[in-house]
Student: 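One structure, pasted below without further comment.
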Amino acid sequence: RSARNALLAVRHGGRGDLSSNVVWRMQKFLPNCPTPLLYQGVMYLTNGNNVYALDVRVGRLIWKYSDMRAGREGTNRGVGILGDRIYFPSADNYLTALDGRSGAVIFSKSFGSVAGGVTSTAPVFIAKDKIVIGTSGGDSGIRGSVAALSAATGEELWRTYTIPAKGEPGSESWGGFLEWGGAGTWL
């Protein structure tokens with residue numbers, strides 16, 4: 001009941017008393033638009049190939065993970081949480097599972113090829129025991145896809161493409177433009 005009263009106070013004119021209690025700045029700024037996730041007093045956010053875990057009560061960095069293996073850095077829009085694991089897609093198409101308490105790597109698995117123009121910028125979508133991930137790069141003529149990876153191991157369980165490959169049903173409708181189809185899948 002007191003939380004509801006506090007919200008009503010904000011809604012009904014108490015806005016003049018609002019202020020920041022905690023400010024935390026990222027050390028390296030990239031073109032970025034992460035969606036922070038808050039779970040049990042910890043905020044998880046991303047910047048490029050980095051994941052940060054912050055104690056929101058005091059603004060203290062608990063841990064930071066930097067994907068030093070990554071062959072590409074770019075926009076990252078966030079992580080997913082399932083149980084005590086944080087799932088992080090890198091710009092060069094690796095899904096990394098981190099221990100939410102320590103930031104230790106549980107696994108890191110490739111789910112796409114940068115060579116074909118495919119990249120990943122969107123956070124993952126979690127459905128039961130599956131990590132569902134899409135591809136970016138539709139403006140570069142990629143063949144977009146959506147894949148489900150095992151939350152336990154990162155192994156690919158299934159993949160569906162957004163446009164047909166040459167010779168598949170429907171490919172004839174693309175005429176000479178099939179190889180430039182695009183159709184990235186930001187989830």
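One is the number of the first residue; the rest follow in order along the sequence. Everything quoted here is computed from the prediction, not taken from an experiment.
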Student: Can you check whether P164 reaches W174 side chain to side chain, under 4.5 Å on heavy atoms?
Tutor: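 Yes, at least one pair of side-chain atoms sits under 4.5 Å.
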Student: Could you list the cluster mates of Y39? Members are the ILVMFWY residues connected by side-chain heavy atoms closer than 4.5 Å, either directly or through other members.
Tutor: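 Reading the cluster by chain and number, Y39 sits alongside L37, V42, Y44, V51, I62, W63, Y65, V79, I81, I86, F88, L98, V105.
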Student: Applying side-chain contact (heavy atoms from CB on, under 4.5 Å), can you list everything that pairs with T35, at least two apart in sequence or on another chain?
Tutor: none
Student: What is the minimum heavy-atom distance between S120 and S90, and which atoms define it?
Tutor: CB-O, 3.5 Å
Student: Which residues pass the side-chain contact (heavy atoms from CB on, under 4.5 Å) test with A151, sequence neighbours left out?
Tutor: L82, Y87, I131
Student: Does the side chain of P123 reach to within under 4.5 Å of the side chain of R77, using non-hydrogen atoms?
Tutor: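 Sidechains of R77 and P123: in contact.
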Student: Once salt bridge (Lys or Arg N to Asp or Glu O under 4.0 Å) is applied, what residue pairs with a partner in residues 140-152 remain, sequence neighbours excluded?
Tutor: R143-E168
Student: Going by the side chain to side chain donor-acceptor pair (under 3.5 Å) test, which pairs reach into residues 107-116, not counting sequence neighbours?
Tutor: T96-S108, K109-E155
Student: Could you give all pairs that pass the salt bridge (Lys or Arg N to Asp or Glu O under 4.0 Å) test and reach residues 83-108, with sequence neighbours left out?
Tutor: R69-D92, D84-R101, D99-R101
Student: Taking side chain to side chain donor-acceptor pair (under 3.5 Å) as the definition, give me every residue that meets it alongside E172, ordered by chain and number, with sequence neighbours left out.
Tutor: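 Expected list: none.
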Student: Under the side-chain contact (heavy atoms from CB on, under 4.5 Å) rule, collect the residues that match up with T160, sequence neighbours excluded.
Tutor: V146, W158
Student: Just checking, is any N or O donor in the side chain of S66 or N50 under 3.5 Å from an acceptor N or O on the other one?
Tutor: yes
Student: Which ILVMFWY residues are connected to Y161, directly or by a chain of links, through side-chain heavy atoms under 4.5 Å apart?
Tutor: none
Student: With a 4.5 Å cut-off on side-chain heavy atoms, are L149 and K130 touching?
Tutor: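 No, every pair of side-chain atoms sits at 4.5 Å or beyond.
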Student: In the hydrophobic clustering that connects Ile, Leu, Val, Met, Phe, Trp and Tyr at side-chain heavy-atom distances below 4.5 Å, which members other than F177 occupy its cluster, ordered by chain and number?
Tutor: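 Under the 4.5 Å side-chain rule, F177 groups with nothing.
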Student: With sequence neighbours left out, what residues match D55 under side chain to side chain donor-acceptor pair (under 3.5 Å)?
Tutor: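 Partners of D55 by the side chain to side chain donor-acceptor pair (under 3.5 Å) criterion, ordered by chain and then number, come out as R57.
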Student: Could you tell me whether a side-chain N or O of T135 sits under 3.5 Å from a main-chain N or O of S145, the two making a donor and an acceptor?
Tutor: yes
Student: According to side chain to side chain donor-acceptor pair (under 3.5 Å), who are the partners of S150, at least two apart in sequence or on a separate chain?
Tutor: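 Only T153 meet the side chain to side chain donor-acceptor pair (under 3.5 Å) criterion with S150.
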Student: Under a 4.5 Å cut-off applied to non-hydrogen side-chain atoms, are R159 and F111 in contact?
Tutor: yes
Student: Are the side chains of F125 and I133 in contact, using a 4.5 Å heavy-atom criterion?
Tutor: no
Student: Can any side-chain N or O of T162 pair as donor or acceptor with the backbone N or O of G144 at less than 3.5 Å?
Tutor: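 Side chain of T162 to backbone of G144: a pair is present.
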